[in-house]
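Letters go in sequence order (proteins before strands), and every chain restarts at 1.
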Amino acid sequence: MGALCHYHHHNHTIFLSSINNTPSIHHRRSKKPNTAFPHSHNHSRASSSSSSLSPLTKALLHAVSSGSMQHALSLFDKMPHSNTFHWNLLIRGYTDNAFFLSALNLYLTMRFQGVPTDHFTYPFVLKSCAALLNFREGEKVHGTLFKLGFAEDLYVCNALIAMYAKFGHIASALRVFDEMPLPDLVSWNSLVGAYLMVQQYFTSLRLFSQMLQTGIRPNKFSLINALEACSLCSYQLWGKEVHCYALKLGFESDIMIQTSLLDMYSKCRLLSYAERIFDSISSRNIVAWNAMISAYALNGQPIRAFDSLERMLKDDKLAVDNVTLINLLPSCAQLGAVLQGKAIHGLAIRKGFLPHLVLETALLDMYGEFGILKLAEVIFDQMVDKNLITWNAMIAAYVQNGWYRKALKLFEELLSGYLKPDTVTIASILPAFANLASLRECRQIHGYIMKLQFHLNTFVSNSIMYMYASCGDLVTACRIFNEMACRDIISWNTIIMAYAIHGMGRRSIELFSEMKRRGIQPNDSTFVSLLSSCSNSGLVNEGWAYYNSMKLDYGIEPKIEHYGCMLDLIGRTGNLDQALSFIEEMALLPTACIWGSLLNASRNKGNIEIAELAAERILSIKHDNTGCYILLSNMYAEVGRWEKVEQIKSIMKKKGLEKTQPCSTVETNFRLHRFTNKERSHAESEMVYEVLDIISRKMGHSKCILSATKFKPSELASKTANSPENHSVRLAICFGLISTRLGEPVLVRKNTRICEDCHVAAKKISQITKREIIVGDPKVFHHFRDGHCSCGDYW
DNA sequence: TTAGGGTTAG
């Protein structure tokens, strides 16, 4: 391990410069309790040595120390002259045995009866308030002890810091610390711990460093705190520095320090360092094994996590505890090992580990990742004890599986309860807004987020940006990006994706260049954004260039998403042979998405043979893919193969699949207007049809202009009851034209992809009316301006 | 008689 020590010469050294061997300062009680206060008269007696204690007092002391509170209470009741010392003893007994409410009540009785309290009383009372999370009472006790003159006592102050830390009231904890005459090691450790608890890792590290500078020699708890802070910042260099310091102080073979180091290296993504620490532990206990199992999951080595489990059971003959199981679950999720996951669930039940808040939340999360939402819901509903993390996990499970409505419902339920959402809640729920909400609702949640000050969090800002972009408001998405104080790689990937969704590939490329200029290293997601942008905008050559550069210049191996983008790009060129050979040469097994991309390409080219092939492959993977049936059916209809159309219709009927009812929406200031095909129930329907009629006439003989469809036998008109002239999107566009301000774009959102006729019509309408028309479908936003569309007529 | 402790869920 000595090899790690060279790091203290590094520029980033923050701690070691202040490390020396000065002995710790001895802190003495700074000030005697206020003896002028009337209640303190028999204080000195209370502190006398045990040799001069009465037999009854000695018995009470013994009872409390051995934890028999019943006995202690009966002795206390027998006392003719109980004093402060006796009361303190009893309060201590209750606190030590976790009867916090009894401890607090006893203190209140003490005060009520006029028994004087002293500086020994308060640490116990404060600890009880903290344990009960009783903020109100804790503050009251603080007020009382302040008035009584105990607020400068070292032990009382330390207990106050710990209590406020537990409440998450960092400002109060800091104030107590700042007003202390001479904070000691415990005070510093408590404050550092307090900042850890409120997740302010950098501040806690800064405090740790300040502590070193004042010459206080840290103990192992200081180092454990510092290591946790380093791991949560994922800052390897500082972690290594603390490691050196631990060696210097002789904590090399302290198992708690070793476990903390292991965990720090694991969270800093230095798995081999973590393994070396683990190997150096002479006698491994369950905590060390659990930490190692967690390390493997965290670093994407789930198989090794299970190997460790086996070694732990066999070599060290240790039994699993609930933490072991909690740590194994993410490995199951990574492997998609449903059976093993369920086996662990069963084991947890047999071992009597359930109910257990953390274990249940971890199970819920795993089932969510498996996509087995029914089981996740069962766990959630049956949990007796839930916290915010549990709620967030359930919301995330819904969102990740596309159950947005359920997610929104749960989110609303959360808001109406006593728990308050945090940044994780918000970042988890925003994709549901992005998918389902109107712009007005997006603005509402945005306002709410600003009120909570969560918009300052990069993670949240990224989600807000994406939400606006997917709801059609690219302008606001950009403004948020520009106003962000702290952009990470995800911010850049998101803004590039935002332009991709809106078919503005050139702008995506500019942003990619700017990102590189600023020294930000692109990752694999950056290329997903960039390649989809090239594909959506028809930048074929650029797309190929980036695809090649990704591998050559950045060493990023293409994932299935990258292949999907490239296939869309190839599809645009209409070269289906190239598309087929691309699929064959892929290093990964094609998914339903890949075949979907080929299906789309063959539809655009009107190649029904390849479409059939693609559809067959899709349905062999996902046999309930409605969109696939519909697309194929439409293609058969276009070439007049009605027997095939009927056949698909009957298959769908047999499988219980229903065609999604196409609908388009437009928002005015106050509400969302929804149109289906041939809609006549809208209040303004008459006006809408009048506008549609005027525009159709302006477009000229609509029939011939709009007949851009490649195959359109005359019989089609009679077979399709649903003529494109009455498609929802046109009604929505017309309503948008009359209900929004001139100069503003008309924004229409659609739940299915726009048909070719409507696409031609929308281009024409944009030209005739000189208005920008934006039509968003589940995949892209078409920006129609002056008779052209941003998608380059391929979607 | 008086303070804090390693692994654990989003």
Subject >> Stacking check F120(A) vs dT2(B) (5.5 Å / 30 deg) >> reply: no
Subject >> Side-chain donor/acceptor contact of N387(A) with base of dA9(B) under 3.5 Å >> reply: yes
**OP:** Compute the centroid of each ring, for H243(A) and then for Y265(A), and state whether the two points are separated by less than 6.0 Å.
**Re:** yes
Original post:
Quick one: does Y367(A)'s side chain get under 4.5 Å of K342(A)'s, heavy atoms only?
Top reply: yes
Original post:
Of the nucleotides dG6(B), dT8(B), dT7(B), which one has an atom closest to the side chain of H356(A)?
Top reply: dT8(B)
Subject >> Distance below 4.0 Å between K386(A) side-chain N/O and dA9(B) OP1 or OP2 >> reply: no
Original post:
Parallel, tilted or perpendicular for Y107(A) and Y122(A), by the 30°/60° rule?
Top reply: perpendicular
**OP:** Would you please confirm or rule out a distance under 4.0 Å between OP1 or OP2 of dA3(B) and any side-chain N or O of S190(A)?
**Re:** no
Original post:
Do T259(A) side-chain and dG6(B) base share a donor-acceptor contact under 3.5 Å?
Top reply: yes
Original post:
Does N219(A) get its side chain close enough to the base of dG4(B), under 3.5 Å, for a donor-acceptor pair?
Top reply: yes
Subject >> From W188(A) atom CH2 to M211(A) atom CE, the distance as rounded to the nearest 0.5 Å >> reply: 8.0 Å
Subject >> Residue N327(A), side-chain atoms from C-beta onward, closest of dT1(B), dT8(B), dA9(B) >> reply: dT8(B)
Original post:
So, is K267(A) close to the dG6(B) phosphate, meaning a side-chain N or O under 4.0 Å from OP1 or OP2?
Top reply: no
